[in-house]
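Read the structure below first, then the notes.
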Amino acid sequence: MHFDDLAHNWGPLTASGLAQGAIYALFALGYTLVYGVLRLINFAHSEVFMVGSYAALITWGFFGLDENSATPPATEVIGYVVLGVLVAAAISGITALVVELVAYRPLRRHNAPPLAFLITAIGASLVISEAVGVATHRNQRGVPPLIQPADAFTIGNTHVTNLEILIILLTLVMMVGLDRFINRTRLGRGIRAVAQSPDTAALMGVNKDRVISLVFLIGGLMAGIAAVMYLFKIGTTRYDAGFSLGIAAFTAAVLGGIGNLRGAVVGGIIIGLFENYGSALFGSNYRNVVTFVVLIVILMFRPSGILGEALGRARA
Amino acid sequence: MTTVQTILRWRGPDGGVRGWFGRQPRLVRWTLLAAIAAGAYALPYVGEVPVIGPQIVTEGVDWRTALFNISYFVLLALGLNVVVGFAGLLDLGYVGFFAVGAYTVALLASPNSDFKTNWPWLATVPVAIVITMISGVLLGWPTLRLRGDYLAIVTLGFAEIIRIFAENTTLLRGDRGFSGIPHPPGKHADGTPIFGVRDAGPYYWLGVSLIIVIVLAIRNLDRSRVGRSWLAIREDEDAAAIMGVRTFKYKLWAFAIGACVGGLGGVMFAGQNGFMNSASFQIQFSVLILAGVVMGGSGNIAGAILGGALISYIPDRLRGVEIAGQDAFQYRFLMFGIAIILIMIFRPQGLIPSRRRAMELKDRAKEVAPQ
């Protein structure tokens with residue numbers, strides 16, 4: 001137990017925890033959206049994320065950038081980052097769509113029991129991560145130094161880096177955008193309708209299959225963006241990088257109340273913060289223990305998450 | 001015939017192998033089952049059968065070791081089937097109980113252990129069973145009021161916590177692990193031990209015997225009041241509670257029994273390997289066993305056995321096989337993933353679906369039919 005550590009480094013831990021939490025939040029959105037509509041844990045979502053991280057690295061590789069190259073000039077960096085984000089989001093989105101088409105849609109046609117979906121999801125996750133693992137010889141791959149972490153501003157001993165600000169801002173923008181999309185647009189209304197009652201929504205003329213595809217696509221896009229943020233923050237990726245991160249993100253989704261978009265953000269940030277505080281307190285090996293203990297304690301008092309389950313339920 | 005009678009009627013109503021099997025007199029059924037059990041005991045010699053034998057035997061793994069692996073995977077699948085298949089509780093952290101069982105053996109029996117008790121293997125078995133059961137109750141007590149996916153993530157967390165403690169505490173020795181864990185007792189006439197290091201056959205036979213005992217026990221449980229309560233909870237927990245089923249108590253029972261079988265798997269694993277460390281208890285392992293249970297046919301004992309055997313056999317069989325000039329070994333999980341998806345698409349209820357389950361589903365479809 002290192003209480004003085006925690007007290008002394010509270011500021012930096014919070015800053016880094018918020019950035020980490022923002023990544024979890026973006027990642028958790030995919031779980032929560034799919035769950036809200038299909039009542040299904042999309043186990044393959046972690047692999048959607050991993051594929052996105054490779055897509056960005058390969059894109060930068062086209063321009064001759066690898067982990068050993070020098071940092072390009074600032075204007076180019078912006079271009080590379082934007083391009084990386086776009087490509088990663090697109091590829092992740094497409095991967096999510098393909099997973100839905102190959103692994104889930106046939107089961108829905110057969111009216112399969114819910115557990116069957118979970119198992120095909122596990123199968124899809126294995127296929128994707130192993131395919132990437134074989135293709136990359138199970139090596140990890142480093143990120144070109146596009147963004148050199150530099151202090152943007154300092155409060156006391158808290159150095160907030162440009163990267164952390166970028167991650168948090170981007171998450172906020174995506175979240176507000178998504179929230180408006182779900183709550184204000186026609187497509188968003190379709191999603192909420194299907195989440196509330198798939199059969200009734202279908203009777204009212206909502207194309208259920210298209211809504212489900214859309215939900216997977218959005219989840220994939222968010223995961224792709226999260227993947228690029230993750231690359232900048234962590235610096236490497238691997239064929240199994242999605243797995244443990246996926247567990248944390250799924251925990252975040254459950255913590256906030258699965259099926260609830262705002263819950264995913266709240267959950268993500270809480271998990272990010274507690275991981276950091278926990279690793280300061282007990283050593284970094286125990287960070288996941290802290291996460292899960294927090295989860296269990298919160299679920300004991302609020303069995304359906306902090307904000308409760310509600311994609312379509314509360315406000316139709 | 002009322003719905004309840006239909007559901008509780010045991011033998012399937014229609015044709016197929018199992019329909020035929022169900023219509024046979026009791027004596028014939030038991031003889032056939034005994035023949036299947038004898039076949040299982042004879043599996044180590046299957047390589048000597050001409051033509052078919054060499055196709056079945058694993059090339060890259062010692063066949064008897066592969067069989068032993070199958071036996072403890074089947075054991076785990078049977079235990080998880082109680083939790084997931086019978087009681088309908090989604091447990092993603094089943095490997096946690098496997099680890100508790102294995103670590104209990106290691107702590108009590110290994111010379112590396114801080115306890116320095118150096119018990120023989122056999123003496124640790126009852127202790128390990130009791131401790132895994134207690135751990136099942138301890139995990140279940142606070143968490144079993146959670147439903148569905150919340151329970152899934154909490155059980156997953158439980159297994160992760162156990163793995164992290166195994167990795168990082170000096171008592172559990174992390175990846176240095178425990179060596180010199182004693183093997184099961186027994187000597188041949190010439191004084192050499194039956195359960196040696198080189199031949200995995202005896203361990204496999206021990207595993208099969210355990211599986212038979214567990215199958216009989218679980219089958220009887222499933223047909224008892226406890227099993228009917230599980231069924232009611234699985235299909236509709238609220239309705240079950242209203243009908244006076246003590247849901248919490250029976251869910252806890254399912255958890256404890258599942259945990260105890262999982263612990264037994266761990267005991268076997270530790271006894272055969274002689275060495276174990278924290279790397280043996282990854283989360284992926286729980287996921288694999290869950291895949292086996294559902295793939296085989298959730299809620300069906302024969303299905304769980306088949307599924308558990310397949311998840312161990314397929315990757316082992318692919319080891320050392322060359323396909324188009326490439327070693328299939330590195331593609332084994334890739335192919336395994338494809339196999340899982342295909343099986344679930346073509347047989348969403350599993351390879352050997354539970355008849356009782358199928359009848360319930362049919363019945364339910366009737367209820368909601370006029371849409």
Side-chain angles (χ1 to χ4, degrees), chain A residues 31 35 39-41 43 102-103 105-107 109-131 133-134 137-138 199 203 240 243-244 247 250-251 253-255 258-259 282-283 285-289 291-297 299-300 303-305, chain B residues 84-85 88 90 92 139 142-143 145-154 156-161 163-165 167-169 174 282-284 287-288 290-295 298 330-350 353 357 361 365 368 371:
Chain A
Y31 286 110
Y35 189 89
R39 311 268 143 217
L40 146 79
I41 304 176
F43 228 88
V102 174
R105 189 159 296 185
L107 285 182
R109 295 263 177 280
H110 284 98
N111 242 339
L115 261 184
F117 286 91
L118 187 70
I119 304 303
T120 47
I122 291 168
S125 159
L126 261 178
V127 169
I128 299 174
S129 88
E130 284 295 311
V134 168
H137 304 290
R138 302 183 197 272
D199 292 335
L203 287 175
D240 57 357
F243 189 80
S244 55
I247 289 179
F250 181 63
T251 311
V254 171
L255 187 64
I258 191 153
F282 304 102
N285 291 330
Y286 291 96
R287 55 167 27 186
N288 287 342
V289 175
T291 312
F292 283 120
V293 170
V294 168
L295 176 80
I296 292 171
V297 170
L299 285 184
M300 280 174 79
S304 43
Chain B
V84 176
L90 185 50
L92 281 182
L139 173 67
T143 57
R145 63 193 198 104
L146 300 172
R147 298 255 170 121
D149 305 303
Y150 292 94
L151 183 66
I153 188 75
V154 169
L156 192 150
F158 161 75
E160 267 299 86
I161 288 173
R163 187 185 62 81
I164 291 168
F165 273 103
E167 239 167 44
N168 296 305
T169 55
Q282 303 293 329
I283 281 291
Q284 281 89 337
V287 174
L288 205 62
L290 181 66
V293 171
V294 179
M295 210 164 74
S298 180
Q330 70 160 331
Y331 299 102
R332 70 194 192 285
F333 281 115
L334 184 61
M335 294 196 232
F336 181 64
I338 295 173
I340 295 182
I341 296 180
L342 289 179
I343 290 175
M344 289 329 284
I345 287 178
F346 290 109
R347 293 196 70 106
Q349 310 282 349
R357 202 73 231 275
L361 289 173
V368 292
Q371 274 184 341

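Just the heavy atoms: all of them, side chains too, but no hydrogens, waters or symmetry mates, feed the values below. A note on names: the letters A, B, ... follow the listed sequences, proteins ahead of strands, and every chain is numbered from 1. Quick caveat: nothing in here was measured; it's all calculated off a predicted structure.
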Query - Closest heavy-atom pair and its distance - B:M344, A:L107 - result: O-CD2, 3.1 Å
Report task. Find out whether A:L299 and B:T143 are in side-chain contact, i.e. whether some heavy atom of one side chain is under 4.5 Å from a heavy atom of the other. Result -> no
Requested in this report: Identify the heavy atoms of B:I153 and A:F292 that sit nearest to each other, and give their distance.
Outcome: O-CE2, 4.2 Å
Query - Options B:G350, B:A152, B:A291, ranked by heavy-atom pairs under 4.5 Å with chain A, top entry - result: B:A291
Requested in this report: Would you please test B:I343 and A:I119 for side-chain contact (heavy atoms from CB on, under 4.5 Å) and show each step?
Outcome: CA-CA 10 Å; B:I343 290 175; A:I119 304 303; over 6 Å; no
Query raised in the report: What is the minimum heavy-atom distance between B:I341 and A:V127, and which atoms define it?
Result: CD1-CG2, 4.3 Å
**Report entry** Options A:G283, A:S125, A:G123, ranked by heavy-atom pairs under 4.5 Å with chain B, top entry
**Finding:** A:G123
Query raised in the report: So which of A:N285, A:V254, A:T120 has the largest heavy-atom pair count under 4.5 angstrom toward chain B?
Result: A:N285
Query raised in the report: Between B:V294, B:I340, B:L288, B:I338, which shows the greatest number of heavy-atom pairs under 4.5 Å with chain A?
Result: B:V294
Query raised in the report: What option among B:M295, B:E160, B:R347, B:E167 has the most heavy-atom pairs under 4.5 Å with chain A?
Result: B:E160
Requested in this report: Could you tell me which portion of B:L151 (side chain, backbone, both or neither) has an atom closer than 4.5 angstrom to a non-hydrogen atom of chain A?
Outcome: neither
**Report entry** Residue A:R109 versus chain B: region with a heavy atom under 4.5 Å
**Finding:** neither
Query raised in the report: Among A:V289, A:L118, A:L203, A:I296, which has the most heavy-atom pairs under 4.5 Å with chain B?
Result: A:V289
Requested in this report: Please report the shortest heavy-atom distance between B:P348 and A:A116, naming the atom on each side.
Outcome: O-CB, 3.6 Å
Query raised in the report: Non-hydrogen atoms of chain A under 4.5 Å away: do they reach the side chain of B:L90, the backbone, both or neither?
Result: side chain
Report task. Let me know if A:F243 has heavy atoms under 4.5 Å from chain B in its side chain, its backbone, both or neither. Result -> side chain
Query raised in the report: For the residue pair B:V154 and A:L295, what are the closest heavy atoms and their distance?
Result: CG2-CD2, 4.3 Å
Query raised in the report: If we only count heavy atoms from C-beta on, is the A:F43 to B:V287 side-chain gap below 4.5 Å?
Result: yes
Query raised in the report: Top residue by heavy-atom pair count (under 4.5 Å) with chain A, among B:F158, B:F336, B:F165?
Result: B:F165
